Q: 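Before I ask anything, let me first share the structure, which is written out below as structure tokens.
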Amino acid sequence: MRLVLRELRSWRPTLARVTGLLRSAATSFVVLAGTLWLMPGIDVSGLTAILWVVVLVAIVGALLRPLLLALATVLGGLGAMIVGASLQTIILYVALRLAPDADLSGLPAAFAASWFAVALAAIVSWLTDSGTDDAFVSEALRLMHKVSRAAQKRGTAARGEGLLVVQLDGVSAPLLRWAIHAGNLPNIGRWLRVRSHRLGTWHTGLPATTPGAQAGILHGDDRSVPAFRWYDKGTGRLMVANRPRDAAEVERQISDGAGLLRHGGVSISNVFSGDAPATLFTVSRATLPGRSSRGYAEFMISPYGFARAIVLGLGRILKELHQARGQRLRDIRPRVSRSGAFLVLRPLAGMLRDMNVSLIAEQMALGAPVIFCDFVDYDEVAHHAGPARPESLDALGRLDQVLGVLERLSAEADRRYHLVVLSDHGQSQGETFRQRYGESLAQTVDRIVNGSGRAPADDSEPTTAGGAGAAKGSRAGASKAGRTGRSEVNGSARADRTASAATGPVEPWGPVNTLLTEISGRPGAGAAATRAAVRSRTVDREVTLGPAGERKGPIGLAGAGEAHEISSTDVLVVASGNLAMIYFTRHPGKPTRTEIDAAYPGLVDGLAAHPGVGLVVVDDGTGPVAIGNRGEHHLRDGRVSGEDPLSAYGPRARADLLRHQGVEHVGDLVLISAVDSGTEEVAAFEELVGSHGGLGGWQTDAFLLHPAEWPVAEEPLDGPVAVHRQLVTWLHQLGLREEAVPEAKVVPEHVLVTDLAVVPDLAVVPAQVSAVGRSVAGAAADECDDLGDHQHDDHRDQDSLPGLGEDRAAEHSEGGVDHRPEPAGRGVGQREAPPA
């Protein structure tokens, strides 16, 4: 009831609200007149009767909306979604029952009419706003004003400087520059033309993935993320970075309590939290906005929020079907299937985009000093359509509109927010490995290991006629070989080795699994229904839909994404774009090439000779060696024999591969697909036409857009840890950070990088030293062990998956998170840096 009274007291008859009310009345008349005329089950005769319905809808909405807003705020999560989905139906049903000249057949007719009205209202608003987001912005501004007034009354309003960091997932620097020159990004182009901002680039290194980038950017440590997914030999588990439990475990390893968002910051839709006290849709915390998040509830009940997002999402599904059919009819290549789950995931990305804007608006009104939010729209579309295809550029254009909206919203905040925009990686295009060669990488490995064509349990299917035919032939040969149960390799008989593959696209399922994991962990009937619906895909309270949740195959081979046991597997192949890692699960440590050749004769040479594999990195006993079809490159000393296999990957390839070899849990073999010298296309080991994770093309070319007067200390920025250090420096300049500015350690030439000597020309190594004295594949082994011995003090060490079904400290106050800076000495889990 306090929330209801506060909502009613906050209403003020300002000119903007009166204008908005008149506009809403006119729109409602047009929409309701069309709805009542077209929909069956409702009979309203006469202009006067329609006007009565419009008035009653306005009155009922004005009376019910505060109550339903309070209910959605209290329920949060799934409850807010249910309230938002049923709000329009309730309002229309009550109004039609009260109208004297209206005849309603029942609740189903009101339900159908309400959603038809929502769709029609979206069309009318789009036409009247000339395709802009003015109505949506008005709703966000109204939310900001309410939250700001409440904060001022409580005396918690914050002023001064603020930083808003927006991540455009998967947008490469070359593509962004091209889109600006083409005029497709008017807001970013305007910032550059008026010189308010400066566009720079940074090199991602390996792996070129969102988890790897965010680990470095948000926590200053990317040593524990070798790819998007990897195998942990110590626990025997396949780790996937966008699964809540795995992300929480990684964050425990990389967090020292002094992350980028430590001092009152907010993490929205990220993989890791950056040690933020407030996290919303953050995978490592598996958290949905709870009772303290008014922005989430406002989005759900607003006609310009959840209902609008559903209507636009349905439109995007139809548009996607049309675009996919156009690709097939025009025989545009490369291409992959764009049906199935992608049809659901694409509109979900659009809904999350609008929800993120509402959440950012709320946090700016509350005065959060630092906000970091990830927008995944472009990355999701580009994976299936191609990085530079019209569909992907359209998604990028919508993100430019979002930046314009955030610019308008930031002007209304009490703090003066500075906007920094960056990407975590780019994308590279190309036909997939399976499409080019008729078999997946896992099938290739299995064929070489067993001397047969038997295919392991694999989660992806061929997407072109050629690929399907070749793969079918491969399976036919497999059945013949499988009848013998033994293979002849180099003249010696031995039992077949089992192989397993984790190569299905799992990245888009991260937000879905995070959402369902948090919903099912909350108390209440809605959570119970969710738990019952996803029980078969739930392990230890974590929901894993998509390829990440598939069970073991029928012949005892681990299915794609099996996370808990690979006990029946000898060879495990995991893929992240055109980067693949092979693990020999029976070997406890990292085997040398001699040991691999003895156990699996011909595997290394066979992979290196494959036309789809550009290089294979293996430890030859003296250090890592990149092996190609016609030569080798010793990464430690730069010695090359034969043709250099790194020549196609650019001048940074050696440093990237050497650093990657020092990352924890890196594969026993690391493979990078071949790069076409003419088109710069790569062959992804996943079934994605746009991919990232390895080397080749634009996937390692990220961008950083920042206020023009802000200096960049290290140019060019090399690696996500360097970006973290730069952002921390800017926080100091804004007065939002108290501890000393981190400095990069100078690593002498003789210091070992995880037992590999750093060579003189690896200038990127100093840029990879973290803010608290930790190194990223640039520290001595004893220094890394020293860090691992320290214990965290925060609550995440007590709960293997924090935040499920419990309120956080950030939710204790009704108005939101207290964003005032912590006093000195109150750091959570803070520990001293090891000596340099």
Side-chain angles (χ1 to χ4, degrees), residues 6 9-10 12 14 16 137-166 191 196-197 258-268 274-280 289 292-296 298 356-373 403-421 706-711 727-739 741 809-827:
R6 181 184 302 167
R9 286 198 303 266
S10 67
R12 297 289 185 276
T14 62
V137 172
S138 298
E139 285 289 302
L141 288 174
R142 185 173 63 86
L143 166 66
M144 289 187 66
H145 294 155
K146 287 182 180 180
V147 174
S148 180
R149 281 197 300 269
Q152 290 172 2
K153 289 180 180 179
R154 292 192 304 269
T156 59
R159 299 188 181 277
E161 305 295 322
L163 179 64
L164 171 59
V165 183
V166 175
W191 297 346
S196 66
H197 282 70
L260 182 72
L261 307 178
R262 171 191 174 187
H263 292 296
V266 180
S267 167
I268 302 176
D275 296 317
T279 57
L280 307 171
S292 65
S293 180
R294 185 186 185 120
Y296 178 73
E298 286 271 9
N356 285 343
V357 173
S358 293
L359 295 174
I360 291 174
E362 178 194 27
Q363 296 302 323
M364 286 196 296
L366 287 170
V370 190
I371 305 170
F372 195 109
C373 182
L403 296 178
V405 170
L406 295 177
E407 182 184 27
R408 294 167 63 181
L409 296 178
S410 64
E412 302 296 323
D414 292 328
R415 283 187 183 271
R416 182 194 175 199
Y417 280 97
H418 303 272
L419 187 58
V420 171
V421 187
H706 58 89
E709 66 274 15
W710 291 6
L727 292 174
V728 171
T729 299
W730 288 338
L731 289 177
H732 276 279
Q733 294 174 0
L734 295 174
L736 300 175
R737 195 86 171 189
E738 297 176 357
E739 65 267 21
V741 180
E811 297 177 346
H812 287 174
S813 63
E814 287 183 314
V817 180
D818 184 0
H819 295 293
R820 289 171 291 185
E822 297 179 5
R826 281 183 54 199

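Heads up: numbering here begins at 1 and tracks the sequence. Nothing here was measured: the structure is a model prediction, and the numbers come from that model.
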Q: Does any non-hydrogen side-chain atom of Leu260 lie less than 4.5 Å from one of Val728?
A: yes

Q: Could you report the tightest heavy-atom contact between Gly265 and Ala276, atom names first, then the distance?
A: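 Where Gly265 meets Ala276 most closely, the heavy atoms are O-CB, 3.4 Å.
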
Q: For the residue pair Pro369 and Leu736, what are the closest heavy atoms and their distance?
A: O-CD1, 3.6 Å

Q: Taking the ring of His418 and the ring of Trp730, is the distance between their centroids below 6.0 Å?
A: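 Here the rings of His418 and Trp730 have centres that are no less than 6.0 Å from each other.
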
Q: Would you say Asp275 and Ser267 make side-chain contact, with heavy atoms under 4.5 Å?
A: no

Q: For the residue pair Trp191 and Leu419, what are the closest heavy atoms and their distance?
A: CH2-CD2, 3.2 Å

Q: Where is the tightest heavy-atom contact between Met144 and Ala361, given as atom of each residue plus distance?
A: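 Looks like CG-O, 3.4 Å.
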
Q: Is any side-chain heavy atom of His263 less than 4.5 Å from a side-chain heavy atom of Leu731?
A: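 Side-chain contact under 4.5 Å: no.
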
Q: For the residue pair Val357 and Leu409, establish whether any side-chain heavy-atom pair is separated by less than 4.5 Å.
A: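 Yes - at least one pair of side-chain heavy atoms lies under 4.5 Å apart.
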
Q: What residues, two or more places apart in sequence or in another chain, satisfy salt bridge (charged side-chain N to carboxylate O under 4.0 Å, His left out) together with Glu412?
A: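 Not a single residue meets the salt bridge (charged side-chain N to carboxylate O under 4.0 Å, His left out) criterion with Glu412.
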
Q: Please give me the minimum heavy-atom distance between Arg262 and Ala258, naming the atom from each residue.
A: CD-CA, 3.8 Å

Q: Within this structure, what is the CG-CH2 distance for the pair Leu727 and Trp710, rounded to the nearest 0.5 Å?
A: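 If I round to the nearest 0.5 Å, the distance is 9.0 Å.
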
Q: Can you name the nearest heavy-atom pair linking Met364 to Leu406, along with the distance?
A: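 Scanning both residues completely, I find the closest heavy atoms to be CE-O, 4.4 Å.
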
Q: Between Gln733, Arg415, Arg416, which is the residue that forms a side-chain contact (heavy atoms from CB on, under 4.5 Å) with Glu161?
A: Arg416

Q: Hey, what do you get for CG (Leu164) to CD1 (Ile268), rounding to the nearest 0.5 Å?
A: 8.5 Å

Q: Using 0.5 Å steps for rounding, measure from the CD atom of Gln363 to the OG atom of Ser358.
A: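 It comes to 11.5 Å.
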
